[in-house]
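This structure is a prediction, so every number in the text was calculated from the model and none was measured. Just so you know, these numbers use all the heavy atoms, side chains as well, and skip hydrogens, waters and symmetry mates.
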Amino acid sequence: MPPDCTSAFYQENAETNAKRARSLPKQQLDAFLAGLAPGAAILELGCGGGQDSAYMLAHGFDVTPTDGSTELARQAQALIGRPVRVMLFQELDADSAFDGVWAHASLLHVPRSELPDVFARIWRALRTGGILHASFKAGEAEGHDGFGRYYNCPSAEWLSELLTKGGWRNIAISESDGGGYDGKPTRWLTVGAER
């Protein structure tokens, strides 16, 4: 299946995706924000419909929302009332610019072979002591779902090893059961790490 099927899905289903009933990951958001100083600079990678950015903005943080889909960025802009940068993870080119990076259910679409580079880009974008939140669908093998979207589906051990090699500190990976856009039961990995 072509790798651009994931992008095509989000372009073609942007409005449906942005407006669907979605439970805000409030517990994870609150834990992430608690690790940051008031008003800290946060980069959101893959902001989708903008709900998480809206929550962080409402709590007084300086949020830079980004998404790889032009259409999803437009939906997010309408919700949060500020520009959303259209950018692929592989295009991140910031240096010590952020205190936190929020990548909830977004880096899971990065091909496994490109994850080391993307994590290195995130590491560079963070200030020393900056924190990362990311979540992935757990698994042992990469593949596509019924909508044609690509997932890297790592194990906790694989991710931990990758982050350790990349110089990350205080790596914490938890597992939980949940769901996704497709309505199927999903095992999730939630990653926290510090530059």
Side-chain angles (χ1 to χ4, degrees), residues 4 6-110 118-119 121-127 129-137 147 149 151 178-183 186 188 190-193 195:
D4 61 354
T6 305
S7 299
F9 172 85
Y10 288 110
Q11 284 291 101
E12 293 162 15
N13 297 282
E15 188 170 356
T16 306
N17 200 8
K19 293 188 168 37
R20 72 188 162 98
R22 172 185 175 260
S23 298
L24 203 67
K26 194 171 174 321
Q27 187 176 351
Q28 294 168 334
L29 273 164
D30 289 341
F32 172 73
L33 297 177
L36 295 166
I42 298 169
L43 171 66
E44 183 174 9
L45 293 173
C47 71
Q51 297 92 340
D52 296 2
S53 277
Y55 184 86
M56 293 186 281
L57 286 164
H59 283 79
F61 290 89
D62 176 17
V63 182
T64 301
T66 69
D67 201 274
S69 161
T70 309
E71 291 303 316
L72 270 176
R74 189 174 292 130
Q75 295 291 327
Q77 281 178 191
L79 176 70
I80 63 178
R82 65 166 50 195
V84 173
R85 182 175 170 200
V86 177
M87 179 191 83
L88 299 176
F89 309 126
Q90 296 86 340
E91 296 171 332
L92 176 59
D93 190 23
D95 191 6
S96 301
F98 301 98
D99 303 299
V101 170
W102 178 261
H104 191 77
S106 59
L107 298 179
L108 42 65
H109 294 306
V110 177
V118 169
F119 276 129
R121 288 172 180 276
I122 293 169
W123 194 88
R124 276 195 308 274
L126 283 167
R127 297 181 179 117
I131 59 173
L132 165 69
H133 163 93
S135 57
F136 296 83
K137 290 186 175 188
F147 294 108
R149 298 177 298 173
Y151 286 94
Y181 183 85
D182 59 7
T186 304
W188 287 94
T190 300
V191 179
R195 173 179 168 169

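The shortest non-hydrogen separation linking L88 to G68 is CD2-CA, 4.1 Å. Contact record, A41 with R127: CB-NH1, 4.0 Å, taken as the closest heavy-atom pair. For V86 against A73, the heavy-atom pair with the smallest separation is CG2-CB, 3.7 Å. The minimum heavy-atom distance between L43 and T66, with the atom names listed, is CD1-CG2, 3.8 Å. Across every non-hydrogen atom of P65 and I80, the tightest pair is CG-CD1, 3.6 Å. Counting all heavy atoms, side chain and backbone alike, A125 lies closest to L92 at CB-CD2, 4.1 Å.
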Evaluation steps, side-chain contact (heavy atoms from CB on, under 4.5 Å), between V84 and Q75: CA-CA 9 Å; V84 173; Q75 295 291 327; over 6 Å; no
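We find the CD-SG distance between Q77 and C47 to be 8.5 Å, quoted to the nearest 0.5 Å. The CZ atom of R85 sits 10.0 Å away from atom CG of L45, with the distance rounded to the nearest 0.5 Å. With values rounded to the nearest 0.5 angstrom, L132 atom CG is found 7.0 Å from L126 atom CG. Atoms CZ and CD1, on F89 and I122 in that order, are 8.0 Å from each other to the nearest 0.5 Å. Taking CZ of F61 as the start and CD1 of I42 as the end, the distance is 5.5 Å to the nearest 0.5 Å.
Within the 4.5 Å cutoff, the side chain of F32 has no heavy atoms near those of the H104 side chain. The closest side-chain heavy-atom distance from E44 to S106 is not below 4.5 Å. Considering only heavy atoms from C-beta on, V63 stays 4.5 Å or farther from D52 through its side chain. Between L33 and M56 there is a side-chain heavy-atom pair separated by less than 4.5 Å. Side-chain contact between Q90 and V110 is present, with at least one heavy-atom pair separated by less than 4.5 Å. Between H109 and Y151, the closest side-chain pair of non-hydrogen atoms falls below 4.5 Å. Using a 4.5 Å heavy-atom threshold, the side chains of V191 and L107 count as separate. At a threshold of 4.5 Å between non-hydrogen side-chain atoms, the residues L108 and W188 count as touching.
A salt bridge is absent between R124 and D95: the closest approach of a Lys/Arg side-chain nitrogen to an acidic carboxylate oxygen does not fall below 4.0 angstrom.
The aromatic rings of F119 and F136 are tilted relative to each other, their planes meeting at an angle between 30° and 60°. Note on ring orientation: taking the six-membered ring where Trp is involved, the planes of Y55 and H59 are tilted (angle from 30° to 60°). Taking the six-membered ring where tryptophan is involved, the planes of W102 and H133 are essentially parallel, since the angle between them stays under 30° and well short of 60°.
Remark: side-chain polar atoms of D62 are not paired, donor with acceptor, to backbone N or O of G39 under 3.5 angstrom.
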